[in-house]
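Please read the structure below before turning to the comments.
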Amino acid sequence: MARAAAAYYAGRDPFGARGDFITAPEISQAFGECLGLWAAVVWQEMGRPDPVLLVELGPGRGTLMADALRAVAGVLPAFRAALRLHLVEQSPALREAQRRALGQADPMWHDELSSLPAGPALVLGNEFLDALPIRQFIRRGDGWRERFVQAGAFVEQDVGPGVPLPPDAPEGAVQEVSEACRAVAAMLGARLAAQGGAALFLDYGPARSGLGDSLQALSVHRAADPLAAPGTADITAHVDFQAVAEAARAAGAAVQGPLPQGMFLQSIGLVTRAAALAGAAPAHAGRQLSAAQRLIAPEGMGRLFKALALCHPALSSLPGFQPS
């Protein structure tokens, strides 16, 4: 899965109507603007450190960050002046798109999270975790087998030691484990606890761990066979938010959420911002409002997608996560 994803992203721009899928920043500019303002408010809660790292994991075309920077420059220019932009991106094609969108912001690129410089940080990750590789285990008889891929098909092998699997599960049940997601959460959790800051993830998956096969692929906005032509389709899996939260807590961070994305976005003002955009351009009002609805409605992206924040323990109540 990791090799297929690396090959897929290396030489293409998969986003938008002409690509394979569309993400929230491409649906509505209000999404990136609100996330930028979320980061600005958290920066104030952190005591306004200068400089502060603003980091995006998997920045796509740079659309989200371009919208975020424009918003914070107008509302809180002190934050815009204090931030240093860092982008974690391996794809040469997407780095070039990000350079076109964000070149004036003087970004620094990183292949890995581990190469970020030290210091307080605000981290954004929209549909980043779902693209990280998973392992799959399937229940057979009274034990578990692990799925591998060989010659374009699944094969099953004995499970090695050290994998935590539920002792009781029905025949054919599938357990997914993303060691890569847990590693990101642990690394960020330790960093935030030691150096300050917060990380916000928006992605799709269940709030609680459970059984199920969620491996999927998209090509030209339609479901595809994940094994048919590796490297030519977007391959993802649902995020286990409980496992991410537990890994971050174990590393010393505080965790807030997960919350349904719709609830979170409404709380941080996305509907209000979309209404303002609609009022400013009446000819496009319907498109602005329908885009916001797609992001927040339960039948759209509002329920399946979740928002999860990791932060320094001193940040007790982040925007969007306050008790109602």
Side-chain angles (χ1 to χ4, degrees), residues 25 32-60 62 64-69 71-73 75-90 95 98 102 105-129 132 180-203 244-245 247-258 264 268 307-321:
E33 291 174 348
C34 287
L35 265 58
L37 296 175
W38 180 91
V41 173
V42 176
W43 175 71
Q44 291 179 305
E45 294 295 319
M46 292 165 59
R48 302 167 68 99
D50 185 357
V52 63
L53 278 64
L54 180 60
V55 182
E56 187 174 1
L57 309 179
L64 185 158
M65 188 56 68
D67 292 337
L69 294 177
V72 301
V75 175
L76 194 59
F79 174 55
R80 179 65 188 88
L83 70 86
R84 304 294 182 267
L85 182 59
H86 293 264
L87 306 174
V88 178
E89 178 62 71
Q90 296 182 355
R95 281 193 180 192
Q98 294 154 19
L102 300 167
D106 195 24
M108 292 188 63
W109 279 272
H110 304 265
D111 287 334
E112 303 290 344
L113 182 63
S114 59
S115 69
L116 289 171
L122 292 157
V123 182
L124 301 176
N126 179 62
E127 293 197 50
F128 171 77
L129 297 175
L132 298 181
C181 280
R182 294 179 182 184
V184 166
M187 183 180 299
L188 271 177
R191 179 196 174 103
L192 296 172
Q195 301 179 44
L200 175 65
F201 289 103
L202 294 109
D203 224 313
V244 171
R249 283 195 190 97
V255 176
Q256 299 185 32
F264 172 76
I268 65 170
L308 178 74
L310 321 177
C311 62
H312 188 280
L315 296 172
S316 59
S317 186
L318 299 177
F321 296 94

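Ring-plane geometry between Trp43 and Phe79 is classed as tilted, the angle between the planes lying from 30 to 60 degrees on a 0 to 90 degree scale.
Taking CD from Gln256 and OG from Ser316, the interatomic distance works out to 7.5 Å, rounded to the nearest 0.5 Å. In this structure, Leu192 CG and Met187 CE are separated by 12.0 Å, a value rounded to the nearest 0.5 Å. Expressed to the nearest 0.5 Å, how far CG of Leu132 lies from CZ of Arg182 amounts to 13.0 Å. For the atom pair CG of Leu200 and CH2 of Trp38, the computed distance is 4.5 Å after rounding to the nearest 0.5 Å. Here the CE-CG distance, from Met65 to Leu87, works out to 6.5 Å after rounding to the nearest 0.5 Å. Arg95 CZ to Trp109 CH2: the interatomic distance, rounded to the nearest 0.5 Å, is 7.5 Å.
Counting heavy atoms from C-beta on, the side chains of Val55 and Leu122 never come closer than 4.5 Å. In this structure, Pro117 and His86 have side chains that are in contact, with non-hydrogen atoms separated by less than 4.5 Å. By the 4.5 Å heavy-atom criterion applied to side chains, Met108 and Leu85 are not counted as neighbours. Contact annotation: the side chain of Leu318 approaches that of Cys311 to within less than 4.5 Å [non-hydrogen atoms, C-beta and beyond]. Annotation: side chain of Leu202 is in contact with side chain of Phe264 (closest heavy-atom distance under 4.5 Å). Counting heavy atoms from C-beta outward, Leu310 and Val123 have side chains that stay 4.5 Å or more apart. Looking only at side-chain heavy atoms (C-beta outward), Phe321 and Ile268 stay at 4.5 Å or farther from each other. Side-chain contact between Pro120 and Leu53 is absent, with no heavy atoms from C-beta onward closer than 4.5 Å.
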Practice prompt. Show the numbers, then the answer: is there a side-chain contact (heavy atoms from CB on, under 4.5 Å) between Leu57 and Leu124?
Written response: CA-CA 6 Å; Leu57 309 179; Leu124 301 176; over 6 Å; no
Discussion item. Test side-chain contact (heavy atoms from CB on, under 4.5 Å) on Val41 and Leu37; report intermediate values, then the result.
Written reply: CA-CA 6 Å; Val41 173; Leu37 296 175; 5.5 Å; no
Discussion item. Assess the residue pair Leu76 and Gln44 against the criterion (side-chain contact (heavy atoms from CB on, under 4.5 Å)); give the C-alpha distance rounded to whole Å, side-chain angles, the decisive distance to 0.1 Å, and a yes or no.
Written reply: CA-CA 10 Å; Leu76 194 59; Gln44 291 179 305; 3.8 Å; yes
Worksheet item: What do the steps show when you test Phe201 against Leu188 for side-chain contact (heavy atoms from CB on, under 4.5 Å), and what is the final call?
Response: CA-CA 12 Å; Phe201 289 103; Leu188 271 177; 3.5 Å; yes
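Across Ala185 and Val244, no two heavy atoms sit closer than the pair CB-O, 3.4 Å. The nearest pair of heavy atoms linking Ala186 to Ala251 is O-CB, 3.3 Å. Contact record, Val88 with Asp111: CG1-O, 4.1 Å, taken as the closest heavy-atom pair. Of all non-hydrogen atoms in Ala253 and Ala193, the two that sit nearest each other are N-CB, 4.1 Å. Leu308 and Pro258 make their closest contact through CD1-N, 3.6 Å (heavy atoms, listed as atom of the first residue, atom of the second, distance). Looking at every heavy atom in both residues, His110 comes nearest to Ser115 through ND1-OG, 2.9 Å.
A donor-acceptor contact shorter than 3.5 Å links the side chain of Arg84 to the backbone of Ala82. With hydrogens and angles disregarded, no donor-acceptor distance shorter than 3.5 Å links the side chain of Asn126 to the backbone of Leu64. Judged by distance alone, the side chain of Gln98 and the main-chain N or O of Gly60 form a donor-acceptor pair under 3.5 Å. Panel note: side chain Arg191, backbone Gly196; no donor-acceptor pair is recorded below 3.5 Å.
Defined by atom type and a distance below 3.5 Å, a donor-acceptor pair is present between the side-chain atoms of Gln90 and Glu112.
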